[in-house]
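As structure tokens, the structure follows; a few thoughts come after it.
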There are 2 protein chains.
Amino acid sequence: MSSEQLLEQLRRDVVTGIFIAGEKLPIDALRQRYGAGLSPLREVLNRLAATGLIEQLPQRGFRVPALTRADLEDVASLRIELETRALRDALIHGDDHWLDEVMACLYRLKRTPLRPDADVEQWEMCHRAFHLALIGACPSPWRRRFVGVLYDQFDRYRRAAPERPDLRDTLDAHHEQLATLAERRQVEEAVALLERHIQLSFEVALDCLPHSA
Amino acid sequence: MSSEQLLEQLRRDVVTGIFIAGEKLPIDALRQRYGAGLSPLREVLNRLAATGLIEQLPQRGFRVPALTRADLEDVASLRIELETRALRDALIHGDDHWLDEVMACLYRLKRTPLRPDADVEQWEMCHRAFHLALIGACPSPWRRRFVGVLYDQFDRYRRAAPERPDLRDTLDAHHEQLATLAERRQVEEAVALLERHIQLSFEVALDCLPHSA
DNA sequence: TTTCATCATAAAATCGATTTTTTGCACTAT
DNA sequence: ATAGTGCAAAAAATCGATTTTATGATGAAA
């Protein structure tokens, strides 16, 4: 498996929750799991550690960061701040080609079923592609980069949380409405909706934590 | 040289401009330069590539990213956005221990001379420590992380630009004023000053680019 | 003269083995 | 019984060698 694919595979597996939060990632076990060599594997782990998707403890290997309420709140609020502005700029600067891409992602997302028995990973990829496509016309590469990082961080929580069938339709409707508002360049409405969308997802994600308090 | 030190050394050398922007970073040359082994070196390069301080071209090694006006404007504006908010939150949440740290960094910075003949690197380290100390009490780890990334990116430009003795005193005064405003918890004044400070540094940094247009 | 293909060189990426460090356990002394 | 020490096993980090891939030069054909 090439280094490029390995990075993507490992990123996905961490976000998916294949590895439990807080769990250690023993190099040899990963080596076997992915059939990868030592060097490419360590390089990929270093890359993921640099973006915060995994942690490195010097001389003690790598581990998956724990899920905490404080971190989730931090990720969610910063994501709202950066992503709403990214959406605003995308709606202002986006051209027809960008809209095509958004619509294409929307239709792929709509036609991909989200059921426990189906391939959830397929839906997740479409969902991610749609959100990133929405801000694809944001003219700030650094903002897009940070939004991408926060999206993955957020997703670790959301995907660790139990399903909420009562909210599924609302969240799905948001996606369609966001695309429509993007098409009509209704900036303020779109920004407000995206904030609500992330806020609602945040509340869903909270359920992955022990609700003692 | 340990992996930890190697990372810090290489980060510093890239920001300092030891390597010319756009230049290729041949592994073997780096291996010699730092007396490092292949594996630790490649791991460090991968980490830096993940944060954007260097670029990786698959199968073609690593290079230092070019300096462009568009990138500088992107970095500067996002830095202003994230760092002013970080300062606001720091002033609101910071305790006495944080203030001690800010003042300690300020005094180290003030007593460190900035002259071409002296050890510029020493001043740069103090300058960085001061700015990061200012936002040290910001309660959002992710915001602090992103600010740190943008600080380094910004510094590549600032340090590539020629000296501006006419602005030196103003910029130095800003640091002292920022510390004073932090001590007095004058949030709005501090935030406004930090924005001006970065804006002025941005104008200095612009001089590292060919001023054709 | 230009373009394309081929080969030789150099560089990057990967691999397997070695070294270093940590960790868990048994043993001893208090 | 507990705290501390030493040892053995396991894991991480590093190294040198090998393999793979890109690059630049050479020569042949159009």
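First the proteins, then the strands, lettered A, B, ... as listed; each starts at 1. For the numbers below, each heavy atom of this structure counts, side chains included, while hydrogens, waters and symmetry mates do not.
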_Taking atom CD as the centre, does Glu195(B) end up with more than 12 heavy-atom neighbours from other residues, nucleotides or ligands that are less than 6.0 angstrom away?_
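Result for CD/Glu195(B): open.
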_Other residues, nucleotides and ligands only: do more than 12 of their heavy atoms fall within 6.0 Å of CD on Glu4(A)?_
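No, CD of Glu4(A) has 12 or fewer neighbouring heavy atoms, counting only those of other groups under 6.0 Å.
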Roughly, in whole Å, what's the span from [atom1] in [X] to [atom2] in [N]?
X	N	atom1	atom2	answer
Tyr34(A)	dT14(C)	OH	C1'	19 Å
Asn46(B)	dA13(D)	CG	C1'	15 Å
Glu43(B)	dC15(D)	CD	P	11 Å
Leu57(B)	dA12(C)	CG	C1'	12 Å
Ile54(B)	dA12(C)	CD1	C1'	14 Å
Phe62(B)	dA11(C)	CZ	P	16 Å
Ile27(A)	dT19(C)	CD1	P	20 Å
Leu41(A)	dG16(C)	CG	C1'	15 Å

*Answer yes or no: does a side-chain N or O of Lys24(A) lie under 4.0 Å from OP1 or OP2 of dA12(D)?*
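True: Lys24(A) side-chain N/O within range (under 4.0 Å) of dA12(D) OP1/OP2.
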*Across the strands shown, which category fits Glu4(B) at heavy-atom distances under 4.0 angstrom: base, sugar-phosphate, nothing?*
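Glu4(B): no heavy atom of the nucleic acid under 4.0 Å.
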*Is there side-chain contact between Arg158(B) and Glu124(B), with at least one heavy-atom pair below 4.5 Å?*
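Yes. Closest side-chain heavy atoms under 4.5 Å.
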*Do the non-hydrogen side-chain atoms of Arg108(A) and His127(A) ever get within less than 4.5 Å of each other?*
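Not touching, per the 4.5 Å side-chain cut-off.
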_I'd like to know if the side chain of Arg88(A) and the backbone of Ala190(A) have a donor-acceptor N/O pair within less than 3.5 Å._
no
*Are the side chain of Arg156(B) and the backbone of Pro65(B) linked by a donor-acceptor contact shorter than 3.5 Å?*
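Side chain of Arg156(B) to backbone of Pro65(B), a donor-acceptor pair under 3.5 Å: yes, one is there.
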*Hey, could you give me each pair passing ring-ring contact (aromatic ring centres under 6.0 Å, His included) that has a residue in residues 53-97 of chain B? Not counting sequence neighbours.*
none
_Earlier contact from the 5' end, DNA chain C, for Gln59(A) and Leu25(B)_ = Leu25(B)
*Closest nucleotide of DNA chain C for Pro40(A) versus for Pro58(A): which of these residues is on the 5' side?*
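The 5'-side residue here is Pro40(A).
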*To the side chain of Arg60(A), which of dT14(C), dT22(C), dA12(C) is closest?*
dT22(C)
*For the side chain of Ser39(B), starting at C-beta, report the closest nucleotide among dA13(D), dG16(D), dC15(D).*
dC15(D)
*Note the angle between the end axes of the helix from dT1(C)-dA30(D) to dT30(C)-dA1(D), five pairs defining each, rounded to 10 degrees.*
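Rounded value for the end-axis angle: 20°.
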